[in-house]
Amino acid sequence: MRRVLVVGAGHSGLQLTLSLLAEEDYDVTLISARTADDIRDGSPMSTQGMFHQALETERAYGLNLWDDTVPHYDGLHITLSAPPGQLALAINAPLDFPGQSVDQRVKMATWLDLAAERGATIIHDTVGHDDLDRYTSSGEYDLVIVAAGKGDLVSAFERDAARSPFTTPQRALAFTYVKPLEPDPAWPAPHIGFHAVPGHGELFVIPALTRSGPSDILFFEAVPGGPLDVFTPGMDPADQLTRTLELAARYVPWVHERAEKAELADTRPTLAGRLTPTVRKPVAHLPGGGIALGMADVVVLNDPITGQGSNTAAKCSAAYLAAILAHGDQPFDEAWMTSTFETFWDNTAKAVTDWTNAMLQPLPEHVQMLLGTAAGEPAVARRFANGFSDPTDFADWFMTPQAAQNYLEHLQ
Ligand SMILES: Cc1cc2nc3c(=O)[nH]c(=O)nc-3n(C[C@H](O)[C@H](O)[C@H](O)COP(=O)(O)OP(=O)(O)OC[C@H]3O[C@@H](n4cnc5c(N)ncnc54)[C@H](O)[C@@H]3O)c2cc1C
């Protein structure tokens with residue numbers, strides 16, 4: 001029986017715990033800073049829009065408990081508000097397979113209860129550096145994994161400067177869960193709205209299942225210091241909604257038309273804050289000589305502009321699971337940890353990080369040309385949408401002027 005300690009009961013930690021418990025011969029201890037009730041009754045942490053490839057990693061272990069109740073989305077409706085407030089471009093970009101967003105308060109609370117039911121040892125505690133030192137050197141565990149998101153424990157992992165181009169937040173983030181909006185006349189089927197206001201930021205509209213049932217999330221990504229950067233952490237939810245609607249009326253009036261009667265979805269429906277995109281080295285070395293492997297946001301934290309963090313957390317969980325199973329009874333040493341992360345980086349996280357960091361910049365000419373073509377060419381629109389499920393595809397046609405030119409030349 002191999003003993004695994006997972007620190008952090010968020011997306012990646014819970015998915016890995018539940019997947020390991022479904023395999024034979026793994027004894028899993030999970031440390032959660034919060035109880036299931038704390039998570040369920042607390043404030044939302046994410047908009048967690050997910051796409052097919054990542055959802056399939058959950059389905060492989062029967063963790064898709066909301067497939068029948070979540071409002072699925074069929075694609076992305078992308079608009080360009082330029083000059084601000086005027087519709088310059090609109091693209092309907094269908095997904096080959098539907099995506100979904102289940103509020104992490106619902107999903108993680110349920111998964112945490114499930115982990116306890118299925119035999120994980122659950123410890124409720126906030127792990128500090130001294131605790132991590134103790135756990136990694138006690139000899140009690142064959143493997144210690146830190147899946148504690150973007151909390152303080154990340155400082156146990158060294159920043160990887162070569163893979164981290166930013167030292168400050170690139171967007172101020174503010175979202176509000178509201179009761180479902182009026183359908184979009186531009187595309188009545190459920191979809192994600194991706195509304196770009198060049199130079200100022202973006203407004204996303206994401207259908208989701210939250211505590212009170214189906215909802216929409218109005219999510220502003222504001223360029224820091226710009227006119228959309230008006231939200232403060234802990235702001236009164238009603239005020240946050242009012243500001244959101246004021247900005248929508250001014251900058252994205254076609255969303256405001258559907259949202260002007262929007263009501264808060266529950267009593268704690270908002271979040272506002274900012275993060276600095278950061279990649280970290282995968283192995284923490286603790287003073288007592290122990291080591292721990294970082295996973296998901298701990299080691300690859302991207303801005304949510306491309307909606308990839310939960311998707312990447314799911315894929316990271318699947319990648320680490322495969323590496324653990326393949327390793328059998330051999331020691332989970334530093335070489336194994338490094339190669340496990342580097343494989344995940346090469347296969348998944350690098351493409352996500354490159355694409356996400358590019359989307360935070362003013363869009364280069366070749367991307368503007370691709371999106372312009374997508375407005376009249378369904379194949380291009382479809383390829384863009386499906387890149388949200390498999391971002392490794394972007395390297396072949398989207399990321400460089402040369403790749404874009406080759407793609408457009410060969411487009412039938
Ligand atoms: C505003 C916003 C919008 C987003 N929208 C999307 C989206 O649309 N699509 C998408 O794919 N991703 C999105 N994301 C990203 C996504 O939510 C995260 O990337 C994903 O949840 C990361 O999973 P994780 O397992 O690394 O960490 P988390 O899911 O954050 O879990 C970490 C867990 O560890 C716990 N913890 C922290 N510190 C400790 C400690 N010291 N001891 C014990 N426990 C601890 C926390 O309480 C938490 O439960 C968004 C993020 C933000 C901020």
Side-chain angles (χ1 to χ4, degrees), residues 5-17 29-36 38-40 42-51 53-55 73 76 99-105 107-109 111-112 122-132 135 145-156 169 171-177 192 194 202 204-208 217-222 231 233 270-277 280 292 294-317 320 349 352 356 388-389 391:
L5 174 67
V6 177
V7 178
H11 196 130
S12 63
L14 277 163
Q15 186 174 332
L16 181 64
T17 296
T29 300
L30 175 64
I31 307 187
S32 177
R34 297 175 295 162
T35 65
D38 292 339
I39 296 170
R40 202 178 281 115
S43 295
M45 304 301 289
S46 179
T47 64
Q48 70 275 310
M50 293 189 66
F51 299 91
Q53 218 179 54
L55 291 168
Y73 36 78
L76 286 90
Q100 60 177 254
S101 166
V102 178
D103 187 339
Q104 286 187 344
R105 291 176 293 180
K107 189 166 177 172
M108 299 312 140
W111 279 3
L112 183 51
I122 311 283
I123 299 172
H124 290 293
D125 194 13
T126 299
V127 174
H129 286 250
D130 291 350
D131 303 315
L132 191 60
Y135 287 127
I145 293 187
V146 179
K150 46 196 179 302
D152 295 343
L153 212 50
V154 295
S155 58
R171 291 290 187 276
L173 315 169
F175 66 71
T176 307
Y177 281 73
I192 291 182
F194 180 163
E202 299 79 21
F204 294 90
V205 183
I206 305 169
I217 310 171
L218 297 167
F219 175 22
F220 266 114
E221 288 243 342
F231 302 96
T270 54
L271 181 81
R274 47 193 90 205
L275 57 83
T276 301
R280 292 179 184 275
M295 94 181 288
D297 271 10
V298 168
V299 279
V300 184
L301 178 64
N302 280 310
D303 187 278
I305 189 166
T306 52
Q308 289 298 304
S310 300
N311 292 275
T312 307
K315 291 174 186 177
C316 188
S317 166
Y320 283 17
V352 172
T356 303
F388 283 75
S389 176

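The shown structure was predicted, so the numbers you read here are calculated from the model rather than taken from an experiment. Just so you know, ligand 1 is whichever comes first in the structure, and atom 1 is the first atom listed for that ligand.
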Residue portion contacting ligand 1 (non-hydrogen atoms closer than 4.0 Å) for Phe204:
neither
Tell me: protein heavy atom nearest atom 47 (O) of ligand 1, and distance?
Arg34 NE, 3.4 Å
So which protein heavy atom does atom 42 (N) of ligand 1 come closest to, and at what separation?
Val127 N, 2.9 Å
Begin with the C-alpha distance, continue with both residues' side-chain angles, and end with the deciding distance and a verdict on side-chain contact (heavy atoms from CB on, under 4.5 Å) for Lys107 and Met50.
CA-CA 13 Å; Lys107 189 166 177 172; Met50 293 189 66; 3.6 Å; yes
I'd like to check Thr306 versus Pro391 (side-chain heavy atoms, cut-off strictly below 4.5 Å). Are they in contact?
no
Residue pair Asp303 / Leu173, side-chain heavy-atom distance below 4.5 Å
yes
For Glu202, side chain to side chain donor-acceptor pair (under 3.5 Å) partners two or more places apart
Arg171
Could you pull out, from Met45, His11, His124, the option with a heavy atom nearest to atom 53 (C) of ligand 1?
Met45
Going by heavy-atom distance to atom 25 (O) of ligand 1, choose the closest among Ala174, Gly8, Ser12.
Ser12
Proximal atoms of ligand 1 relative to Phe175 (non-hydrogen, under 4.0 Å):
1 (C)
In terms of residue, atom name and distance, what is the protein heavy atom nearest to atom 50 (C) of ligand 1?
Ser46 OG, 3.2 Å
Ranked by distance from atom 5 (N) of ligand 1, the top protein heavy atom is Thr47 OG1, 2.6 Å
Between Gln48 (side chain only) and Gln104 (backbone N and O only), is there a donor and an acceptor less than 3.5 Å apart?
yes
If we only consider heavy atoms of Gln48, is any one of them less than 4.0 Å away from an atom in ligand 1?
yes
Check each of Pro304, Gly128, Gly42 against atom 52 (C) of ligand 1 and report the one with the nearest heavy atom.
Pro304
For a 4.5 angstrom cut-off between non-hydrogen side-chain atoms, does Leu112 reach Leu30?
yes
Are Ser101 and Ile217 packed together at the side-chain level, in the sense that at least one heavy-atom pair is separated by less than 4.5 angstrom?
yes
Can you confirm, on distance only, whether ligand 1 has an N/O atom lying under 3.5 Å from any N/O atom belonging to Leu271?
no
So is Phe219 in contact with ligand 1, going by heavy-atom distances below 4.0 Å?
yes
Min N/O separation Ser32 to ligand 1 under 3.5 Å:
no
Identify the closest protein heavy atom to atom 45 (C) of ligand 1: which residue and atom is it, and at what distance?
Ala33 CB, 3.7 Å
Please list, chain by chain and in numerical order, all residues satisfying salt bridge (Lys or Arg N to Asp or Glu O under 4.0 Å) with Lys315, sequence neighbours excluded.
none
Classify the ring geometry between Phe204 and Phe194 as parallel (under 30°), tilted (30 to 60°) or perpendicular (over 60°).
tilted
What do you reckon, does Gln104 put a non-hydrogen atom under 4.0 Å from ligand 1?
yes
Among side-chain atoms of Ser155 and His129, is any donor-acceptor pair under 3.5 angstrom?
yes
Quick one: does Gly149 get within less than 4.0 Å of ligand 1, heavy atoms only?
yes
Looking only at protein heavy atoms, which one is nearest to atom 26 (O) of ligand 1, and what is the separation?
Asp297 N, 3.0 Å
Give me the residue, atom name and distance of the protein heavy atom closest to atom 33 (C) of ligand 1.
Gly10 N, 3.5 Å
Considering distance alone, does some N or O of Ile206 sit under 3.5 Å from an N or O of ligand 1?
no
So which protein heavy atom does atom 39 (C) of ligand 1 come closest to, and at what separation?
Ala148 CB, 3.7 Å
With the threshold set at under 4.0 angstrom, would you say Asp125 reaches ligand 1 through any of its heavy atoms?
yes
